[in-house]
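Reminder, nothing fancy here: chain letters follow the sequence lines and each chain counts from 1.
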Number of protein chains: 2
Amino acid sequence: MRNLKPQLIELLKSGGCTPRISKLARNLHTRSSTIHYNIKSMEKDGTVRSYKAVFDYKKIGEGFCTFVLIHLSPDEYSDPLKIANMLAAYPEIESIDVVTGEWELLIKVRTASIEEYYTFATRVLSIKGIARTQSLNSLKQVKTEFVIL
Amino acid sequence: MRNLKPQLIELLKSGGCTPRISKLARNLHTRSSTIHYNIKSMEKDGTVRSYKAVFDYKKIGEGFCTFVLIHLSPDEYSDPLKIANMLAAYPEIESIDVVTGEWELLIKVRTASIEEYYTFATRVLSIKGIARTQSLNSLKQVKTEFVIL
DNA sequence: TATATTTTTGAATATTATCCAAATTATGAG
DNA sequence: CTCATAATTTGGATAATATTCAAAAATATA
């Protein structure tokens with residue numbers, strides 16, 4: 001009997017969900033078919049990107065959360081998206097932004113522990129193009145993905 | 001005819017969705033009832049916090065994204081959660097973390113534009129207890145909430 | 001005002017979630 | 001190892017829900 005939960009978590013982390021039309025309809029005192037029409041309209045014009053789950057990350061082995069400020073090497077300044085897009089593929093990374101100020105990129109990383117973060121950092125954040133990093137460790141998550149914890 | 005989309009967006013931002021069990025079942029080559037059982041199990045034990053939508057934030061009037069580093073006044077050091085929990089109620093704030101380093105809090109804020117951010121900052125970030133802030137503006141979002149853009 | 005476009009409605013149908021009792025598999029104590 | 005217990009899977013039945021569609025209403029456009 002294989003443990004399905006890890007696979008479910010991976011799928012639900014960025015998709016695999018759908019709006020509860022009838023519940024939303026009751027909530028807004030509107031017919032289901034109207035809600036359906038409006039939601040499909042937002043899906044078609046690209047307003048909605050995905051429907052996904054938010055987890056108690058401690059319970060899925062991603063209890064350690066770090067924000068990493070990244071300084072690129074000068075030859076990457078002209079195209080920070082090259083590095084950013086490469087980083088996007090890592091499942092540990094929740095978000096990636098190109099930002100203003102002394103740092104070029106800000107990423108949010110979730111791992112099981114500080115040891116796993118160290119492994120991640122040495123594996124991923126040591127590539128050519130990343131000149132220097134500074135990390136802010138989250139001591140306590142109060143809100144994430146618009147969900148209050 | 002009232003425009004339902006703003007209300008739908010508000011509800012879907014932090015909830016109002018559900019997993020697509022049959023789709024997940026097909027994806028994992030497993031019976032629906034098994035997926036159902038596993039998902040309910042994760043809901044019961046608190047592994048899943050919510051099912052929600054991810055938007056193209058430019059299209060919902062939240063195209064301007066800022067990370068704000070917050071330094072609390074010394075009398076708040078002992079309980080940064082007091083301020084953090086107060087901030088959690090604001091719909092503009094996507095995430096709030098208590099962090100290590102020179103700053104006590106790191107929040108992620110979404111507004112329509114830099115003008116609206118200014119309004120937000122003067123309204124929300126000027127309360128007693130917040131001594132100093134520094135903001136990193138997002139020039140480009142590459143990934144958010146585990147969803148690649 | 002007339003016409004086109006968008007949105008809503010309600011009913012019919014298709015799809016899906018949910019429930020449940022039985023079967024199977026895993027776990028742990030002795 | 002063996003038995004007892006708990007956890008998970010299965011398949012079929014039913015309930016709930018999404019989806020479709022044509023007509024109506026509302027809104028925008030000229």
Quick check: on DNA chain C, is the nucleotide nearest B:H36 upstream (toward 5') of the one nearest A:S33, or the reverse? Name the residue that is more 5'.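 Upstream on the strand: A:S33.
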
Report the residue (B:N3 or A:R20) whose heavy-atom-nearest nucleotide on DNA chain C is the more 5′ of the two.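 This one resolves to B:N3.
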
Give the ring-plane orientation class for A:Y117 versus A:F64, where under 30° counts as parallel, over 60° as perpendicular and anything between as tilted.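 Ring orientation, 0 to 90° scale: tilted.
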
Under 30°, 30 to 60°, or over 60°: which ring-plane class applies to A:Y77 and A:H71, parallel, tilted or perpendicular?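 The arrangement is perpendicular - the two ring planes meet at more than 60°.
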
Does B:K40 reach a base, just sugar-phosphate, or nothing at all? Heavy atoms under 4.0 Å.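 Counting heavy atoms under 4.0 Å across all strands, the contact made by B:K40 is with sugar-phosphate only.
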
Just call it for B:S22: base, sugar-phosphate, or nothing, with non-hydrogen atoms closer than 4.0 Å on any strand.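 The answer is sugar-phosphate, as B:S22 gets under 4.0 Å only of primed atoms, P, OP1 or OP2.
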
Find the distance [X]:[atom1] to [N]:[atom2] and express it as a whole number of Å.
| X | N | atom1 | atom2 | value |
| --- | --- | --- | --- | --- |
| A:K44 | D:dT19 | NZ | P | 11 Å |
| A:Y37 | C:dT6 | OH | P | 7 Å |
| B:K23 | D:dT19 | NZ | C1' | 16 Å |
| B:R26 | C:dT15 | CZ | P | 10 Å |
| B:I35 | D:dG11 | CD1 | C1' | 15 Å |
| B:L24 | C:dA17 | CG | P | 8 Å |
| B:H29 | D:dT10 | NE2 | P | 14 Å |
| B:I39 | C:dC19 | CD1 | P | 14 Å |

Please figure out whether A:T18 or A:R2 has its closest DNA chain D nucleotide nearer the 5' end.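 First, find each residue's nearest nucleotide; the 5'-ward one identifies A:R2.
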
With nearest nucleotides of DNA chain D determined for B:M1 and A:I21 from heavy-atom distances, which residue corresponds to the more 5′ nucleotide?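 That would be A:I21.
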
Could you please name the option among D:dG11, C:dT9, C:dT6 that lies closest to any side-chain atom of A:R31?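 Nearest to the side chain of A:R31 among the choices is C:dT9.
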
Could you check if a side-chain atom of B:T30 sits within less than 4.5 angstrom of a side-chain atom of A:R2, using non-hydrogen atoms only?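 In contact.
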
Does A:K59, at its NZ atom, have more than 12 non-hydrogen atoms belonging to other residues, nucleotides or ligands within less than 6.0 Å?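 Buried by this count: over 12 neighbours within 6.0 Å.
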
Please indicate whether A:K5 has more than 12 foreign heavy atoms, meaning atoms of other residues, nucleotides or ligands, lying under 6.0 Å from its NZ.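 Enclosed.
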
Under 4.0 angstrom between B:T34 side-chain N/O and D:dT10 OP1 or OP2: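 For D:dT10, OP1/OP2 do have a side-chain N/O of B:T34 under 4.0 Å.
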
